[in-house]
Number of protein chains: 2
Amino acid sequence: MTEQRRISFQVVRDEVKRRIETRVWPQGSLLPTETQLAEEFSCARATVNRALRELSDQGFVERKRKSGTRVKKEPRKQAKLEISLARQAVEQQNSDYRYALVERNVVSSPRWLTSQLNVDPDARVLHIVCMHYADNRPFQLEERWVVIETVPEIETADLNHSGPHEWLLNAAPFTEAEIAFSAISADGRLAEFMGTTTGTSMIQLERTTWKDGQPMTFARLTHHPGYCIRSKY
Amino acid sequence: MTEQRRISFQVVRDEVKRRIETRVWPQGSLLPTETQLAEEFSCARATVNRALRELSDQGFVERKRKSGTRVKKEPRKQAKLEISLARQAVEQQNSDYRYALVERNVVSSPRWLTSQLNVDPDARVLHIVCMHYADNRPFQLEERWVVIETVPEIETADLNHSGPHEWLLNAAPFTEAEIAFSAISADGRLAEFMGTTTGTSMIQLERTTWKDGQPMTFARLTHHPGYCIRSKY
DNA sequence: TAGTGGTCTAGACCACTTT
DNA sequence: AAGTGGTCTAGACCACTAC
């Protein structure tokens, strides 16, 4: 009888995880019920519940009422990626951040955007192009389209001194988002913005956000050559 | 007095979230204590605790003992990415999956790997090169180094019919991992493997994994041109 | 040292799913 | 119909930390 009384749900969580990893409970097998585990660990069922809920959140087990708790077949590991503001990313690497607005105009939604965002074909959108620099070297080109109907305040926002990403985060948090990473080859315009040559490989992040089901903005963030997105988990 | 009695912690969570998003509780402000909220919602403190814990996990608030719960300055920016097996990714897009082992040999750790993984300079590692195809078109080139001391069973594993990634997931789950995405330009060898031309942009995922603090494997997964990593959140 | 969140308990009832 | 997880409660004690 070990006497760690203080830290119960973590003890249960870690021990169950250990048994899964050492195949005491093999993939696909059924775990004991919460009540049985509570008895084994001499704790309340709620404690076991919390432990198993965390393991379920982390993708180690799958729980179904009446069926019980099963070890997942493929421990799908989820990586958490932080999508940070250009300013934050630059400052994090101890560089000087500079922002420049390149273009800003109100247009009616181009056809490709209409289908991407699923808005009316004649919806008014604010089109913004801007650059983020780190130590005066190009860091990221941001091209963005904001649906004015969803975020009317954007039309009067001052985007001369900080970017639309920053403004939107503060003024109109999104409720859903979708991201896509891809590798692209710089065309002439992009190469000029990034101070490189045509054909250079760069990583591009496209993000679409919605606010309460209303399409809000589509953004294309192109990073300087050599940029790397990292994460631990 | 609404009478939704059944779904309490979600009600509290969503209402608090709503107040944050509508700036009833502005960024950086202090929320009422758990006890006060429990009173307002006429529920137990544990219920409020669970609601606030979820919001804290999702990055909406920050909690500290004695200080209380504060609305985070810059709301959640975490995307969850699933790192799936090549086979899964291929099958998910309804293509036929094919695997081919290209190379397999035991070497002593090259210098760059030694520093990457922090292993002994003379550690034995298994070096594997293999290809994953979707409908017979190149999908992913996998190049991998596995520290034999950490996973001795790998030396006798049959890697002729399924990839090392798959084998490792089933036989030796990792405990920590680090990933890095970048865009690269194909060199001659890579272009040949991917059936494309030198200089083509491709997305590359480098992943290092550890098992209980011991370095396990370093993998470099290069995806076919046009490949896109997607996620919703 | 006092206030706040963190956790545990024992019991209860509910919701879903399989049989 | 029965078994399993999902959640709520009321009360308790603990751990951290700002004061």
Side-chain angles (χ1 to χ4, degrees), chain A residues 1-17 19-20 25-73 75-76, chain B residues 1-17 19-20 25-73 75-76:
Chain A
M1 179 105 50
T2 57
E3 65 282 53
Q4 62 232 334
R5 289 255 308 82
R6 296 302 127 87
I7 38 163
S8 214
F9 93 86
Q10 291 157 0
V11 169
V12 176
R13 172 183 21 88
D14 294 346
E15 173 59 16
V16 170
K17 191 169 154 185
R19 291 186 193 173
I20 290 172
W25 292 325
Q27 295 183 349
S29 66
L30 206 55
L31 264 59
T33 66
E34 294 193 344
T35 314
Q36 290 168 341
L37 285 172
E39 208 167 320
E40 178 190 339
F41 289 101
S42 1
C43 66
R45 186 169 77 93
T47 305
V48 173
N49 181 277
R50 165 127 191 225
L52 293 185
R53 179 152 36 83
E54 286 208 357
L55 291 177
S56 167
D57 287 345
Q58 294 169 22
F60 288 99
V61 299
E62 205 166 21
R63 322 195 68 196
K64 248 193 287 189
R65 283 159 152 140
K66 167 73 181 179
S67 310
T69 304
R70 275 183 192 286
V71 181
K72 268 211 178 171
K73 282 279 166 71
R76 40 127 69 147
Chain B
M1 177 107 48
T2 57
E3 64 281 53
Q4 63 233 336
R5 290 254 306 84
R6 297 302 127 87
I7 37 160
S8 215
F9 94 84
Q10 291 155 1
V11 169
V12 176
R13 173 186 15 92
D14 293 346
E15 173 60 16
V16 170
K17 191 169 154 186
R19 291 186 193 171
I20 290 172
W25 291 325
Q27 294 182 350
S29 66
L30 207 55
L31 264 58
T33 66
E34 293 193 344
T35 314
Q36 290 167 340
L37 285 172
E39 209 167 320
E40 177 190 339
F41 289 99
S42 4
C43 65
R45 186 168 78 91
T47 305
V48 173
N49 181 276
R50 166 127 190 225
L52 292 184
R53 179 152 36 83
E54 286 208 357
L55 291 176
S56 168
D57 287 344
Q58 294 167 24
F60 287 99
V61 300
E62 205 165 20
R63 322 194 68 196
K64 248 192 288 190
R65 283 158 152 143
K66 169 72 182 178
S67 313
T69 303
R70 275 183 192 285
V71 181
K72 265 209 178 172
K73 282 279 164 71
R76 82 175 175 318

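Basis for what follows: all heavy atoms, side chains included, without hydrogens, waters or symmetry-related copies. Every chain is numbered from 1 and lettered A, B, ... according to where its sequence line falls, protein lines coming before strand lines.
- Within a 6.0 Å sphere centred on CD of B:Glu40, other residues, nucleotides and ligands contribute more than 12 heavy atoms.
- Note: CZ (A:Arg53) to C1' (C:dC8) measures 14 Å, nearest angstrom.
- Between B:Phe9 atom CZ and D:dT9 atom C1' there is a gap of 15 Å when expressed in whole angstrom units.
- Checked against D:dT7, C:dT7, C:dC16, the side chain of B:Arg50 finds its nearest nucleotide in D:dT7.
- Proximity note for A:Thr33 (side chain, C-beta onward) versus D:dG3, C:dC8, D:dG5: the nearest is D:dG5.
- Of the candidates D:dT9, C:dA10, C:dG3, the closest approach to any side-chain atom of B:Thr47 belongs to D:dT9.
- Taking CG of B:Leu52 as the reference point, atom CZ of B:Arg45 lies at 10.5 Å (rounded to 0.5 Å).
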Please lay out, stage by stage, how A:Val61 and A:Lys72 fare under the test side-chain contact (heavy atoms from CB on, under 4.5 Å).
CA-CA 5 Å; A:Val61 299; A:Lys72 268 211 178 171; 5.7 Å; no
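- Rounded to whole angstrom, the span from the CZ atom of B:Arg45 across to the C1' atom of D:dG11 amounts to 10 Å.
- For the pair A:Glu34 CD and C:dA10 P, the computed distance is 15 Å after rounding to whole Å.
- Between B:Thr69 and C:dT4 there is no side-chain N or O to OP1 or OP2 distance below 4.0 Å.
- Here D:dA15 is the nucleotide among C:dT18, D:dG5, D:dA15 with the atom lying nearest to any side-chain atom of B:Arg65.
- Phosphate contact (OP1/OP2 of C:dT7, side-chain N/O of A:Ser8, threshold under 4.0 Å): absent.
- Comparing A:Gly68 and A:Ala46 against DNA chain D, the residue whose closest nucleotide sits nearer the 5' end is A:Gly68.
- With rounding to whole Å, B:Glu54 atom CD is found 14 Å from C:dG6 atom P.
- One atom, CG of B:Leu30, and another, C1' of D:dA18, lie 12 Å apart when rounded to the nearest Å.
- Contact check, A:Ser67 against D:dG5: no side-chain N or O comes under 4.0 Å of OP1 or OP2.
- With distances taken from any side-chain atom of B:Cys43 to the nucleotides C:dT7, C:dT4, D:dT9, the minimum falls on D:dT9.
- Atom C1' of nucleotide C:dG5 and atom CD of B:Glu62 are separated by 14 Å, given to the nearest angstrom.
- Residue B:Thr35 is out of contact with every strand shown, counting any heavy-atom pair closer than 4.0 Å.
- When the side-chain nitrogen and oxygen atoms of B:Asn49 are compared with OP1 and OP2 of C:dG6, one or more of them lie within a distance under 4.0 Å.
- Around atom CD of A:Gln27, more than 12 heavy atoms belonging to other residues, nucleotides or ligands sit under 6.0 Å away.
- Between C:dG5, C:dC16, D:dT7, one nucleotide has an atom nearer to the side chain of B:Gln10 than all others, and that is D:dT7.
- Counting only distance, with no hydrogens or angles, the side chain of B:Arg63 and the backbone of B:Thr69 share no donor-acceptor pair below 3.5 Å.
- What separates NZ of A:Lys66 from P of D:dA1 is a distance of 13 Å, to the nearest Å.
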